[in-house]
Each structure stands twice: as C-alpha cells, then as structure tokens.
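Accompanying notes for the structure given below.
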There are 2 protein chains.
Amino acid sequence: MKPIDVFKALSNDTRLHILGWLKEPEKHFPAQGAHIPKGVDFAGGVCVGDIQEKAGASQSTVSSYLNMMLKAGLLESYRYGQWTYYRRNEEFIRQFAEYIRTEI
Amino acid sequence: MKPIDVFKALSNDTRLHILGWLKEPEKHFPAQGAHIPKGVDFAGGVCVGDIQEKAGASQSTVSSYLNMMLKAGLLESYRYGQWTYYRRNEEFIRQFAEYIRTEI
DNA sequence: ATTATATATCGAGATTTCGCGATAAGTCAA
DNA sequence: TTGACTTATCGCGAAATCTCGATATATAAT
C-alpha cells in the first residue's frame, strides 16, 4: 500500500462521491451486470458509462479517475467485452482504515 | 471535519513524517517545554524550529505545513512568547479514523 | 531604543493536478 | 469489412501545489 497515493485519490470530491456510490451500486445506478457472462462473478461492478453519467464529468475524466483509484488500490476492475466494470476493493479499504487507525 | 482538507494534508511525505514524529515527540525531538510557563499544560508540544530541523525543509515551508495541518484539524498549537508549539490533536485523529472506517 | 530570535507571511518559479475535447484502441453487430 | 459503441489515452491550457528566499511581525534581551 502506498498511503500517499490513496490520500491523493481521496483528495477530490468527484472521486469521493464515486467511492460512496459504489458502496450501494444497486441504489445509485441502473441495473447492472447484464453483459457479464454466467459463471463470472463480479457482483457490484458498475460500468464506466453509468458512473460517468452520474458523476456529470467528461468520459475521459471519469475514466482516468477510475484508473487512478484502481492504481491506488481502492477499486478493482473486470473487463467483459467492450465494458469495464469497477467496484470497491473492500479488503483493501479495510486495510487502509486499519492503517489510518494504527499508523496515523 | 472537512475530509478532503485532511486527505490533502496527508498527501505529502514531509507532512506525514511530521505527524509520525509527533506521536512520540520525546523520542524524535530534543527536550521540550522549557519555555512553557508553569500551570500551562501543553504536553507533547514541539516548537517549529525543532520540527524544521528534523524535516530538513525550509522554515517557511515547515511553518506553512504546520498551519495546513492545523487548519485541517490534525494538529493543535499553543503559542508562548516567541515560540509556537504544535502537537497532534488525538481526539480529531480518532474521529478521522472512525470516519474512514465507517464512511469510506 | 536597539538587537536578536522565533515564527508567519509574501512572492515567485517549478512541478503537479484538473478537466476537457479529440483521438486511438478494443469489441460487437450487420 | 463497415459502422456503432465503450473505454483508454493523448495533448492541452487552467488551476493548484510545492518549496524556496526574502521580508514582516511578534516577542525577548540588552
């Protein structure tokens, strides 16, 4: 974990909102996963387009935001066909919370 | 609490180090508090000059870093005479850790 | 009053981040 | 193969951050 990369990823309103929306994707986004084939489990994943629409920023901005959060460890992604689905990396986020509690 | 201000304050190596050193001031800094009058309790406070020397950055840089962390809530300060002492705001940091655990 | 010390503030150039539109790359449908 | 669609990457000007030296402010000592 590179804490500074995580802090930077969290230092932006839009990115913070995205992370919040992804806590309850079914509540904040239209039904997902139709394109994901049977046998593939990526529950809670939301495609870039839906996140972009909700965020109200440009496609390129949202794409790079998601990539930034992915590299920081906060998100994980799964590509199926032309779609890329993103969801929270809950295990990493738990570790990060523990890092804050004990190291900061 | 303005989480983004806190994340920004933590998005820098030097500031992160300062916050870490202040967890054990007696371990990382020469004896402190000689200038603080009797009856004033600011245990664990370290003056700007000592922090600056340890950080190896310029005086102005360290002063503004400390002010930034103060405004974010991470530090508290006490001025006596020409000295300003800074120490961690443990209560705020606990609240921040709890925010991370429950809201992020 | 003058001088010395500690800290804060100012101004500036270098670097990084922001957020966009344009375009490329990958995938699907016809 | 062509065209449509989704996402990623590129290039850019604007804005923010970084870090410094110079200077101002506040206090203390002589």
Side-chain angles (χ1 to χ4, degrees), chain A residues 2 4-18 22 29-37 40 42 45-72 74-87, chain B residues 2 4-18 22 29-37 40 42 45-72 74-87:
Chain A
K2 292 179 173 174
I4 288 187
D5 288 348
V6 183
F7 291 133
K8 286 183 178 177
L10 296 172
S11 296
N12 176 281
D13 248 313
T14 300
R15 291 190 295 264
L16 221 43
H17 282 133
I18 292 172
L22 289 177
F29 300 97
Q32 285 298 314
H35 321 292
I36 299 182
V40 174
F42 202 71
V46 181
C47 70
V48 178
D50 287 352
I51 298 173
Q52 186 223 326
E53 185 177 0
K54 180 99 178 173
S58 75
Q59 190 273 324
S60 60
T61 294
V62 172
S63 177
S64 71
Y65 279 5
L66 293 170
N67 188 250
M68 181 183 186
M69 290 192 277
L70 179 72
K71 284 179 181 164
L74 292 163
L75 300 183
E76 51 195 4
S77 72
Y78 173 76
R79 168 172 268 250
Y80 176 70
Q82 30 189 348
W83 289 274
T84 306
Y85 296 88
Y86 286 89
R87 70 178 177 192
Chain B
K2 292 179 172 174
I4 289 187
D5 288 347
V6 183
F7 290 134
K8 286 183 178 176
L10 296 172
S11 296
N12 176 282
D13 248 313
T14 301
R15 290 191 295 264
L16 222 43
H17 281 133
I18 291 172
L22 289 177
F29 300 97
Q32 285 298 315
H35 322 291
I36 298 182
V40 174
F42 202 72
V46 181
C47 69
V48 179
D50 287 352
I51 299 173
Q52 186 224 326
E53 186 178 1
K54 179 98 176 175
S58 76
Q59 189 272 325
S60 60
T61 294
V62 172
S63 176
S64 71
Y65 279 5
L66 292 170
N67 186 251
M68 180 183 186
M69 290 192 276
L70 179 71
K71 284 180 181 164
L74 293 164
L75 300 183
E76 51 195 3
S77 71
Y78 173 76
R79 167 172 267 250
Y80 176 70
Q82 29 189 347
W83 289 274
T84 306
Y85 295 88
Y86 286 88
R87 70 178 177 193

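Lettering of chains follows the sequences in order, A, B, ..., and the numbering in each one begins at 1.
Scanning for side chain to side chain donor-acceptor pair (under 3.5 Å) contacts around A:Thr61 gives A:Ser58, with sequence neighbours left out. For B:Gln82, there are no side chain to side chain contact (heavy atoms under 4.5 Å, CB included) partners, not counting sequence neighbours. Not counting sequence neighbours, B:Gln52 has no partner by the side chain to side chain donor-acceptor pair (under 3.5 Å) test. Every side chain to side chain contact (heavy atoms under 4.5 Å, CB included) that B:Thr14 has, sequence neighbours left out, goes to B:Asn12, B:Ile18, B:Ala55, B:Tyr65. A:Lys54 pairs by the side chain to side chain contact (heavy atoms under 4.5 Å, CB included) definition with A:Trp21, A:His28, A:Phe29, not counting sequence neighbours.
Inter-axis angle, ends of the helix from C:dA1-D:dT30 to C:dA30-D:dT1, five pairs per end, rounded to 10 degrees: 10°.
Shortest non-hydrogen contact noted between B:Cys47 and B:Trp83 is CB-CD1, 4.0 Å. Across every non-hydrogen atom of B:Asn67 and B:Tyr86, the tightest pair is N-OH, 4.4 Å.
Near DNA chain D, defined here as any heavy-atom distance below 4.0 Å, the residues from residues 58-69 of chain B are B:Ser58, B:Ser60, B:Thr61, B:Tyr65, listed numerically. Scanning residues 6-16 of chain A for heavy-atom distances under 4.0 Å to DNA chain C yields A:Lys8, A:Asn12, A:Arg15.
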statement: Protein heavy-atom contacts under 4.0 Å, written 5' to 3' over nucleotides 24-30 of chain C as B (base), S (sugar-phosphate only) or - (none), form the string --BBS--

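Residue B:Tyr78 contributes atom OH, which lies 15 Å from atom P of C:dA8 at whole-angstrom precision. The separation between B:Tyr85 atom OH and C:dT5 atom C1' is 13 Å, rounded to whole Å. Between A:Ile4 atom CD1 and C:dT17 atom P there is a gap of 11 Å when expressed in whole angstrom units. The separation between B:Ile51 atom CD1 and C:dA6 atom P is 14 Å, rounded to whole Å. In this entry the distance linking CG of B:Leu75 with C1' of C:dA8 reads 16 Å, nearest Å.
Atom-to-atom distance recorded for A:Leu22:CG and A:Leu74:CG is 10.5 Å, nearest 0.5 angstrom. To the nearest 0.5 Å, atom OH of residue B:Tyr85 and atom CD1 of residue B:Ile51 are 11.0 Å apart. To the nearest 0.5 Å, atoms CZ (A:Arg15) and OG (A:Ser64) are separated by 8.0 Å.
If you walk DNA chain D from 5' to 3' and mark each nucleotide with an atom closer than 4.0 Å to a heavy atom of chain A, the marks span D:dC5 to D:dT9.
Among residue pairs with one or both ends in residues 75-86 of chain A, those qualifying as salt bridge (Lys or Arg N to Asp or Glu O under 4.0 Å) are A:Glu76-A:Arg87; sequence neighbours excluded.
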Show me, pair by pair, the donor-acceptor contacts under 3.5 angstrom made by side chains of residues 4-11 of chain B, not counting sequence neighbours?
unit_1: B:Ser11; atom_1: OG; unit_2: A:Lys8; atom_2: N; d: 3.4
unit_1: B:Ser11; atom_1: OG; unit_2: A:Ser11; atom_2: OG; d: 3.4
unit_1: B:Ser11; atom_1: OG; unit_2: B:Phe7; atom_2: O; d: 2.7

